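This is the structure, below, for whatever I ask next.
Since this is a predicted model, take the numbers as computed values, not measurements. Numbers for residues simply follow the sequence, beginning at 1. Every number for a ligand or one of its atoms is a count from 1 in the order of the listing.
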Amino acid sequence: MELNELTIHELQKKLRAGDTSSTEIVQAVFKRIEAVEPRINAYITLMKDVALADALKADEAVKKGDIRALTGIPIALKDIFCTKGFRTTCGSRILENFIPPYDATIVEKLRQAGAIFTGKTNMDEFAMGSSTETSFFGTTKNPWDLNRIPGGSSGGSAAAVAADECIASLGSDTGGSIRQPAALCGVVGMKPTYGRVSRFGLIAFASSLDQIGPFTKDVEDCAILMNGIAGYDPKESTSIPQDVPDYRSFLSRGIDGWTVGIPKEYFIEGIDAEVSEAVQKAIKCVEGLGAKTMEISLPHTKYCLAVYYIIAPAEASSNLARYDGVKYGYRSPDGQDLLDMYKKSRSEGFGAEVKRRIMLGTYALSSGYYDAYYKKASQVRALIKRDFDDAFKTCDIILTPTTPTPAFNVGEKTGDPLQMYLSDILTISTNLAGIPGISVPCGFTKGGLPVGVQFLAGHLEEGKLLQIAAAYEKNANLEKRRPNL
Ligand code: GLN
């Protein structure tokens with residue numbers, strides 16, 4: 001196996017034993033990037049020179065015995081995280097040449113832990129989308145089938161891990177943008193509890209929903225990255241001031257005696273038969289590990305999509321008001337006066353989906369409509385959250401499919417926003433409730449496309465998610481496959 005195909009924990013063992021160097025690992029990753037990137041387009045910006053220089057420093061540190069949790073490991077960052085001195089576009093023309101003057105907290109934390117950054121990954125513009133097709137920098141392709149989308153909005157981060165163009169990556173999840181692409185690309189993806197990971201330096205989409213999390217090749221790597229990024233940050237007022245457990249300590253505990261809830265509203269019409277079959281096998285596997293499964297109900301599920309598509313655009317319309325061509329970002333050269341400059345900069349700088357969301361959101365927040373839309377949606381959101389609180393009184397974990405279908409074709413849903421929005425029907429409730437969720441590979445369709453199973457847990461119970469995900473992964477007996485590129 002090539003070095004770039006290994007996991008964080010495998011590489012760490014080799015580094016510690018002196019069997020390889022960070023320079024060799026980074027070189028292997030860039031060799032792979034050069035070979036497959038023209039077909040995948042997972043990255044917007046590559047950081048090869050810095051990565052190689054950082055690898056030399058990591059090798060020096062290892063020689064001195066300074067080995068940290070992520071020393072020498074190449075990690076890719078979604079292009080929504082501010083990186084000091086490196087272009088951060090958010091997939092948009094309006095930020096095409098934006099170079100942040102500071103690092104996001106998670107970037108700082110990963111660097112502290114010894115990580116090396118390979119580059120900034122492709123994404124739907126401002127994280128609005130489920131296919132990475134709204135990116136100003138072109139669509140990312142699914143490594144398992146280049147005619148298909150990788151999911152979104154963190155499609156580049158998912159594809160880069162699946163194609164071994166990095167060892168692991170980070171993304172953000174507002175309605176499913178980590179878990180959905182993880183499922184469609186056959187990797188592990190976790191959205192932590194709202195507030196578990198600092199969002200300082202994350203470009204905001206919908207502030208009451210956004211959360212940062214890892215994409216990895218296995219569950220152990222997910223725990224390692226969670227150890228690296230979780231925790232309170234005085235610079236971020238919504239981050240939770242609570243200690244972070246060692247997430248690795250959950251991996252081998254097993255789930256004997258647990259109760260796993262299967263929400264009947266998530267096994268509905270419209271779920272692809274092969275997805276359903278793979279998830280049913282996952283249920284059997286979990287039962288074989290000593291867990292009891294029971295049907296549960298989350299009765300307000302039917303309102304999730306509607307609630308999300310009021311709250312998220314409303315918050316986006318407010319967050320995106322800052323892109324006016326004045327302080328930073330794209331400015332139209334043709335503005336006749338201030339108002340005209342605003343109008344032209346925004347009209348030329350934003351793509352169609354972002355404009356659609358700004359219009360929807362501005363409408364929902366406008367005077368006379370606020371109570372009918374945003375306020376009402378917030379009230380229903382409280383009911384959705386209560387569904388989960390009630391469910392977790394009777395079960396430890398909830399299990400669902402991650403996505404209704406496997407990866408769809410490029411262009412298949414771009415003409416119909418509602419069809420695109422339905423891709424997140426099984427992931428959105430988690431963000432509305434603020435709870436953590438993880439997607440783990442659970443098999444392949446006959447056509448060779450990956451399928452994911454989603455586990456959900458109560459507030460701050462990422463440890464439990466990793467516990468069941470690790471037990472499942474170890475015992476699922478899934479065929480080991482790699483995309484044929
Ligand atoms: N696909 C959903 C949307 O378009 C979720 C995106 C996300 O999680 N960032 O809003």
Atom 1 (N) of ligand 1 has as its nearest protein heavy atom D424 OD2, 2.6 Å
Would G129 count as being in polar contact with ligand 1, using the rule that some N or O on each side must be under 3.5 angstrom apart?
yes
In terms of residue, atom name and distance, what is the protein heavy atom nearest to atom 5 (C) of ligand 1?
Y308 OH, 3.3 Å
Report yes if some N/O of G175 lies less than 3.5 Å from some N/O of ligand 1; otherwise report no.
yes
Are K376 and D371 close enough for a salt bridge, meaning some N to O gap below 4.0 Å?
no
Check this for me, if you would: do R346 and D324 make a salt bridge, where the nitrogen-to-carboxylate-oxygen distance has to be below 4.0 angstrom?
no
Quick check: F126 with F205 (ring centres under 6.0 Å apart)?
no
Atoms in ligand 1 flagged as close to F205, the criterion being non-hydrogen separation under 4.0 Å:
9 (N), 10 (O)
Would you check, one step at a time, whether the test side chain to side chain donor-acceptor pair (under 3.5 Å) holds for K78 with T121?
CA-CA 5 Å; K78 185 177 184 180; T121 59; over 6 Å; no
Atoms in ligand 1 with a heavy atom of M128 nearer than 4.0 Å
4 (O)
Should the proximity of T174 to ligand 1, defined as any heavy atom under 4.0 Å, be assigned to the side chain, the backbone, both, or neither?
both
Check this for me: does any side-chain nitrogen of one of D233 and R199 sit under 4.0 Å from a carboxylate oxygen of the other?
no
From S154 OG over to Q180 CD, what is the distance, rounded to the nearest 0.5 angstrom?
9.0 Å
Could you tell me whether D389 and K385 have a side-chain N and a carboxylate O separated by less than 4.0 Å?
yes
State if S130 counts as touching ligand 1 under the rule of any non-hydrogen atom under 4.0 Å.
yes
Residue and atom name of the nearest protein heavy atom (relative to atom 4 (O) of ligand 1), distance in Å to one decimal:
R357 NH2, 2.7 Å
d(Y373 OH, I311 CD1) to nearest 0.5 Å is 14.5 Å
Which atoms of ligand 1 have any heavy atom of S153 under 4.0 Å away?
9 (N)
Heavy-atom distances under 4.0 Å are what count here, so tell me which part of Y309 touches ligand 1: side chain, backbone, both or neither.
side chain
Would you mind checking if R248 and E220 are paired as a salt bridge, meaning a charged N to carboxylate O distance below 4.0 Å?
yes
The protein heavy atom nearest to atom 7 (C) of ligand 1 is S177 OG, 2.4 Å
Which is it for A127 and ligand 1 at heavy atoms under 4.0 Å: side chain, backbone, both or neither?
both
